[in-house]
Amino acid sequence: MTDRTDQLDTRYDPTEIEGRLYRRWLEAGYFHADASKADDPYVVVIPPPNVTAALHMGHGLNDTIQDVLVRWRRMQGRETLWLPGTDHAGIATQNVVERQLAEEGLTRWDLGREAFVERVWAWVDEYGSRIIEQLEAIGCSCDWERTRFTLDEGLSRAVREVFVRLYEKGLVYRGQYIINWCPRCGTALSNEEAEHREQAGKLWHIAYPLEDDPSRTVVVATTRPETMLGDTGLAVHPDDERYADLVGRTAILPLVGRRLPIVADEHVDPEFGSGVVKVTPAHDPNDFEIGRRHELETVDVMTDGARMSDAVPEPFRGLDRFEARDAVVAALEEEGRLVRTEEHVHSVGRCYRCGTVVEPRLSLQWFVKMEPLARPALRAYREGELDFHPERYGQIYEHWLENIRDWCISRQLWWGHRIPVWYCRDEACGREVVAREDPDACPDCDGPLDQDPDVLDTWFSSWLWPFSTLGWPEETEDLETFYPTDTLVTGADILFFWVARMVMAGLEFMDDLPFTDVVLNGTVRDHQGRRMSKSLGNGIDPLEVVDRFGADALRFTLIRGAALGTDLQLNHEDLGAAFQVGRNFANKIWNAARFALPHLDADGGGGEPELELADRWILSRMSSTVESTTAALDAFRMHEVASSVYEFVWGEFCDWYLELVKGRLAGERGEESRRAAAWTLRRVTEGWLRLLHPVMPFISEALYLRLPDVAPDATLVLGPWPDPDDFPSDRPAEEAVAELQELVVALRNARSEYNIDPGRELEVHLASISDGLARALGSEDEGLRRLARVDRIERDGARGERAGAHAVLRSGTEVFVPLADVIDLDRERARIEEELERVEGLLRASRRKLENEDFLTKAPEEVVEREREKERSLEEQKEHLSRKRDVLSGAGGSS
RNA sequence: GGGCGCUUAGCUCAGCCGGUCCAGAGCGCCGCCCUUACAAGGCGGAGGUCGGAGGUUCGAAUCCUCCAGCGCCCACCA
């Protein structure tokens, strides 16, 4: 690494720097958390990406936010653990490998269970670490030594322990209920895994004849006519007088001929449709309940693949359910049973993995009883122990928990945690064994046992993530030290799947919340507002962005757009446009440092020199920036973290401070002044490099290492994080420089307005100079000359002159620049008039307020005082502007 | 059916538990500038009745009500 800054290119090239620094950090072990040293640790667990995943922008955003928080806390000196890992993602991963097999013309059944699972493991071994490596490319400071996988031995033991404990507590049970069945994936799903979408469909009205009076029919309506083949009853509301005489009688199911008892049930809405409901207990959750209350039969009319089963009349057997729908409708029509058909919009559930329409279906599955687990999770939230950012997600969490339903956890897959339940092969014995260790034989009859063939829902391992990854159920040092964690950063789409369930598991098994703050980041969308997705082809590959613009540019752009709870739009068709904010900022920083570094003194310049106004000003601004940046981090307002550093570095440090001190650094004002500037520059540069480090870790570290008095093995990674008190606050200096800036802008404005040659030096006459400006001129005379290209500054002069540019600053200071050769008096007068009008308008508004008795009595004193000051300032501006107008309109004026 | 969010400059968005906002940023646009850190830059500028209508208040982009458009979540809509 070289300190020869004169060799640095004017364009920042991140490629070589980033890889080298990341390797250094890894080798130094900075990201590894030491449990023995952690008395106040800061802990984050990563939302484990699927092992099948390739890094996409959603990860980019989510993981960068985590890295910013983690790096900040680490810099603050807390022993910080960011625990990484991946999720085995049952359905998704199984699908990937099954698709591979399909290309070879095979199915998993051809391989058999054992060989198939081996094959998935082989896939995971080969590709499973890919996403982890990609996280390194964007700079994530995870503790890679603690990387976990949800199918690890340790995590598997945790899963099993939890299943057994819940079973023993009576919270896990097996039963026949209506679940969501995905016919493509061939498995049951939880309620959360069925995504409901509104869809245009039809409502078919069908006439069912009565058994004892076939001339009389009752009309029922359905959106899924194929399921009528499984009807086993009809229901009406008990108070519905229209049908009171039907209750207890029997109808005949068209096409099938089955006898259907007509029952009275509260669930029926007499207002909807005809007020008569067909009851299909095996294919509808409500019908199932009605059927159970009235002891109706259940007839499952479909196979696992959603074809019509042998339970239906011959002509329909083997038909796909949607073919069967058409066939049933046609047959009904032929028999004259179809009364009418209407268009109907209703919501249809689809598998969240493959999009196939799910079939509500009666099935024997394992469930977790959720209400007892939800109660403490609700209490913790209501008592304020759990905070959501943004807050509104708390209400969504609360609502879901209040209405929680039991969780179907068995999946008819092969890839996942096998359900630890064995059944005695002897039906007469019927013993069911649930055990932590695999049993050899039936404890009752000593006969052979068969393990339940199903695996557990992937989320049944994910919900244990905050403690299973730390060693639970073993009482490890890690668990003792790092649980509970602090902040969870994730997407709102898995609030129920994951976040709420982790809270429940944490409280149930650790007796403590798994985290105290939940940050929900937004969705990354394209420039048309569409979610980025593979199928739309509108995704952006974060690694391509890293290659082209650097990880820092990627991170800065993401963080700057990550306003709390809002989505982020990025143009996938023009990466340059999308990421130039970050790229340009990195370049700006690079060049600012390129300029500053050679001016810094190797020994830090000895003791503290006599600081000048500009020095005190930038130090004071630095102090404010430390404060605002820290406050933003503390409140998870990521975009404010980025923008507060950005504005300071670019808008204050580069645009003003560097320009103000250029002359001094060149020695124009003597050694003491040079030393003061160099000393300040050194401190401020380091200050903002530290503030920048969480968001842009690479460039900040690279530049930090180039500071003249920094050891080659030093690092920003371990902090310290700056404190506002490290930099003296200086209000008067801030005010003075603010007025100087206003003057500079006014002069530049005049120059631009009249198209004055940029090289031409101006002569400036000032009158009614404010105290602040007087102070600024006293010490920054040369700064003014440099910033506004001024060669002569006169005080209290040229009040009566007309041919030039006129201005009045907010402080009331009058500015005049003689420009007889270029000035157009009419135009100048118009300019002043316009300004005068604006000021008068403001003054009127201000006076209106101050004349209002209510304002004076009801508004806080400081607000009134501020308004008075504003009035005074406006009065002065008005007076001085009027004077200028009079001068410009004076005798001999052109109009 | 219930709930929530959004609507601010041409575009993308900050600000929003009221006064420091004389409403900001980035991009885009217009003009000038290759001024020895940076043209991935500098300087100046134009551009907004803060979705609409009421209301509360001394004071509203910010709070309340209603309306319109967009989006999201939940729900046993046969």
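Order of the sequence lines fixes the chain letters, A, B, ..., with proteins taken first and strands second; residue numbering starts at 1 for each chain.
- Ranking rA75(B), rG26(B), rC38(B) by closeness to the T10(A) side chain, first place goes to rC38(B).
- Contact annotation: side chain of E271(A) to base of rA78(B), donor-acceptor pair absent below 3.5 Å.
- Contact annotation: R405(A) side-chain N/O to rA75(B) OP1/OP2 distance is under 4.0 Å.
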Hey, mind stepping through R866(A) and E869(A) against salt bridge (charged side-chain N to carboxylate O under 4.0 Å, His left out) and telling me if it holds?
CA-CA 5 Å; R866(A) 211 176 293 137; E869(A) 270 173 41; over 6 Å; no
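- The base of rC38(B) lies outside donor-acceptor range of the side chain of R11(A), with no N or O pair under 3.5 Å.
- Whole-Å rounding puts the K588(A) NZ to rC27(B) P distance at 12 Å.
- A gap of 16 Å separates the C1' atoms of rU57(B) and rC17(B), to the nearest Å.
- Rounded to a whole Å, the OH atom of Y754(A) is 20 Å from the P atom of rG31(B).
- Side chain to side chain, R872(A) and Q877(A) fail the donor-acceptor criterion of an N or O pair below 3.5 Å.
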Under the rule of Watson-Crick or G-U wobble with both distances under 3.5 Å, where | means paired to another strand and [ ] a crossing pair, RNA chain B maps to ((((((((.[[[[.)...(....]]]].(((((.......))))).....[[[[[..)....]]]]])))))))....
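- Candidate nucleotides rU35(B), rG44(B), rC38(B) were compared by shortest atom distance to the side chain of V745(A), and rG44(B) ranks first.
- If you check distances only, the side chain of K662(A) does reach the base of rA37(B) with a donor-acceptor pair under 3.5 Å.
- With rA78(B), rG44(B), rG19(B) as the candidates, the nucleotide lying closest to the side chain of N749(A) is rG44(B).
- Note: CZ (R340(A)) to C1' (rA78(B)) measures 13 Å, nearest angstrom.
- Taking atom CG on D265(A) and atom P on rA78(B), their separation rounds to 16 Å, with Å as the unit.
- Under the 4.0 Å criterion applied to side-chain N and carboxylate O atoms, R785(A) and D791(A) are not assigned as salt-bridge partners.
- A close approach under 4.0 Å does not occur between any side-chain nitrogen or oxygen of N591(A) and OP1 or OP2 of rG41(B).
- For S752(A), the side-chain atoms get nearest to rG44(B) when compared with the rest of rA78(B), rA25(B), rG44(B).
- At a non-hydrogen distance threshold of 4.0 Å, T566(A), Q569(A) from residues 566-577 of chain A come into contact with RNA chain B.
- Atom CD of E867(A) and atom C1' of rG19(B) are 8 Å apart (whole Å).
- A distance-only check finds a donor-acceptor pair linking the side chain of D552(A) to the backbone of I699(A) [under 3.5 Å].
- The closest side-chain donor-acceptor pair between E193(A) and S190(A) falls under 3.5 angstrom.
- You'll find that the side chain of H639(A) is closest to rG15(B), out of rG15(B), rA78(B), rA37(B).
- Contact between the side-chain N/O atoms of R583(A) and the OP1/OP2 oxygens of rA40(B) is not found at any separation under 4.0 Å.
- Between the side chains of E867(A) and S846(A), at least one donor-acceptor pair of N or O atoms lies under 3.5 Å.
- Rounded to whole Å, atom C1' of rG41(B) lies 15 Å from atom CZ of F585(A).
- Of the listed nucleotides (rC4(B), rA14(B), rG41(B)), rG41(B) has the atom at the smallest distance from the side chain of W650(A).
- Sorted by first then second residue, the salt bridge (Lys or Arg N to Asp or Glu O under 4.0 Å) pairs that include residues 223-232 of chain A, not counting sequence neighbours, are R224(A)-E359(A), E226(A)-R325(A), D231(A)-K278(A).
- When distances run from any side-chain atom of L842(A) to the nucleotides rC22(B), rU35(B), rG19(B), the shortest one goes to rC22(B).
- In the set rC77(B), rG26(B), rC73(B), the nucleotide with an atom closest to the side chain of I396(A) is rC73(B).
- Straight-line distance from the CD atom of E853(A) to the C1' atom of rU57(B): 17 Å, rounded to whole Å.
- Counting non-hydrogen atoms under 4.0 angstrom, Y646(A) reaches the backbone sugars and phosphates but no base.
- The CG-P distance, from L564(A) to rC16(B), rounds to 12 Å in whole Å.
- The side chain of N584(A) places an N or O atom within less than 4.0 Å of a non-bridging phosphate oxygen (OP1 or OP2) of rG41(B).
- Separation of the P atoms belonging to rA14(B) and rA9(B) is 13 Å when rounded to the nearest angstrom.
- Nucleic acid contact class of P758(A) (heavy atoms, under 4.0 Å, all strands): sugar-phosphate only.
- Of the candidate nucleotides rA78(B), rG19(B), rA37(B), rA37(B) has the atom nearest to the side chain of F595(A).
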